[in-house]
Amino acid sequence: MIDPHIHYRLRAGLPAGTAAPELPDEPNPVVILVADKDTAVVQSDSGARFPTLGAFPTGPAARIIERCAPWHQIASWQGRPVLALAVESDDLDQMAEAADLKREDFRSLHLNISEVELGLLGRAIQIVDWYATSRFCPACGAPTAVPEGESVARCPACAHDQYPRLAPAMIVAVVREGKLLLARAPRFKGAFHSVLAGFVEPGESVEECVRREVFEEAGLLVKNIRYFGSQSWPFPHSLMLGYTAEWDAGELRIDEEELEHADWYGADELPPVPSELSISGRLISWFRETHG
Ligand SMILES: [Zn+2]
């Protein structure tokens with residue numbers, strides 16, 4: 001089986017008063033604690049592991065675990081169930097202290113944890129957010145219920161389904177005569193330049209989105225659009241689809257509402273760019289390797 005194996009099960013909490021929180025008949029679960037939508041706890045020494053339930057055997061942290069319900073079983077990984085728990089921010093501080101864990105947010109963890117762990121954490125954040133925001137039907141207002149084994153909040157009155165949301169977005173490296181198009185947007189934190197990106201509109205293919213966004217933001221037509229790779233990004237629920245493309249026609253004319261600056265850069269003259277942890281950084285590395 002693929003590891004981690006992604007699946008979903010809504011589970012009741014542990015019985016109150018459980019001194020050693022081992023679940024009966026299954027390995028000690030990995031626990032991903034989520035507070036304020038983007039905060040988790042990892043063990044402080046490695047900076048790279050989620051705790052297991054056994055890290056909270058007694059005391060205040062165990063009591064917090066006991067009242068955390070429902071639990072979201074989001075995957076199986078290395079032979080253990082992976083449970084996501086939504087906790088209050090204060091509770092998270094208490095749990096971190098009790099189990100000698102370090103509290104960190106998703107963005108800072110980016111540097112320290114594996115892609116598998118990052119994926120599980122992103123899934124935990126999004127599943128917890130989906131559950132918290134789908135308790136009532138948006139069509140008729142009735143309370144929803146989650147069917148066994150499915151990540152869907154179903155309305156018993158009108159059958160409306162709310163799945164966890166995913167918003168596809170494209171990100172594209174456009175190359176013209178050995179130079180890469182890079183732009184700086186006001187929304188970027190820091191002074192770096194990156195490749196163009198934008199959300200896919202309803203009714204649009206991703207390739208159509210690539211053509212539209214590049215034309216809208218930079219006034220250019222592109223050709224030879226090719227899939228590069230993808231990355232999940234849980235803020236709030238993006239799926240970044242990476243592409244490469246070649247300039248076809250038009251001169252650079254930026255949309256000043258979207259971009260502050262854009263230009264063509266050779267592989268040996270790149271401005272500060274995002275790290276390779278992001279798909280934008282990986283696209284720029286691809287350019288450096290193929291056009292350097
Ligand atoms: Zn309904």
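Start at 1 and go down the list; that is how both ligands and their atoms are numbered. Computed from a predicted model, the values in this text were never measured in an experiment.
Residues Phe215 and Leu221 have side chains in contact (heavy-atom distance under 4.5 Å, counting atoms from C-beta outward). The shortest distance between side-chain heavy atoms of Pro4 and Val82 does not fall below 4.5 Å.
Side-chain contact of Arg103 with Ser89: a donor-acceptor pair under 3.5 Å is present, judged by distance alone.
Leu181 pairs with exactly one of Val172, Leu220, Asp263, Val175 by the side chain to side chain contact (heavy atoms under 4.5 Å, CB included) rule, that one being Leu220.
In this view, Pro168 and Val200, Leu241 satisfy the side-chain contact (heavy atoms from CB on, under 4.5 Å) rule, not counting sequence neighbours.
Neighbouring protein atoms of the Zn ion (ligand 1) (N, O or S, distance under 2.8 Å, waters ignored): Cys137 SG, Cys140 SG, Cys155 SG, Cys158 SG.
A donor-acceptor contact shorter than 3.5 Å is absent between the side chain of Arg80 and the backbone of Ser76.
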